[in-house]
Amino acid sequence: MKRVNTSTKNIGRFAGQWVVIDPIKNFIIASGTNLKDIASLVTHSAKDKTLPVGKAPFSFLVPRKDEGP
């Protein structure tokens with residue numbers, strides 16, 4: 001896992017990698033080669049009430065240019 005702090009406008013730079021996106025700041029906060037690398041940043045208990053609904057960091061696999069419909 002590599003910690004980064006960059007805008008989602010630069011998401012193309014992470015093609016083929018898993019990224020963690022902070023929906024509040026709209027920033028990429030980490031990247032990794034697989035989901036296990038970044039799992040600690042995106043998993044939390046359903047009982048955790050400190051995070052507002054829909055505001056928890058989430059993971060996303062950035063497609064490569066040759067991938068897609």
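Any value given below was found using the heavy atoms of this structure, including those in side chains, with hydrogens, waters and symmetry copies removed.
- Residues Trp18 and Val42 fall within the same hydrophobic cluster, defined by Ile, Leu, Val, Met, Phe, Trp and Tyr side chains chained together at heavy-atom separations under 4.5 Å.
- Criterion: ILVMFWY side-chain heavy atoms under 4.5 Å apart, direct or through other members. Under it, Val19 and Ile24 are not part of a common hydrophobic cluster.
- Taking the side chain as every heavy atom from C-beta outward, Ser59 and Leu35 approach each other to under 4.5 Å.
- Taking the side chain as every heavy atom from C-beta outward, Ile21 and Thr8 approach each other to under 4.5 Å.
- Of the inter-residue distances, the one linking Asp22 atom CG with Phe58 atom CZ reads 9.0 Å to the nearest 0.5 angstrom.
- Side-chain contact between Phe14 and Thr6 is present, with at least one heavy-atom pair separated by less than 4.5 Å.
- With contacts defined as side-chain heavy-atom distances shorter than 4.5 Å, the pair Leu41/Pro57 does not qualify.
- Of the residues Lys2, Met1, Gln17, the one that meets the side chain to side chain contact (heavy atoms under 4.5 Å, CB included) test with Ile38 is Met1.
- To the nearest 0.5 angstrom, Ile11 atom CD1 is 13.0 Å from Phe27 atom CZ.
- Residue Ala39 comes nearest to Thr43 through the heavy atom pair O-OG1, 2.9 Å, listed as atom of the first residue, atom of the second, then distance.
- When all heavy atoms of Ala30 and Val4 are compared, the closest pair comes out as N-CG2, 3.8 Å.
- Contact check for Ile28 versus Phe60: no side-chain heavy atoms found under the 4.5 Å cut-off.
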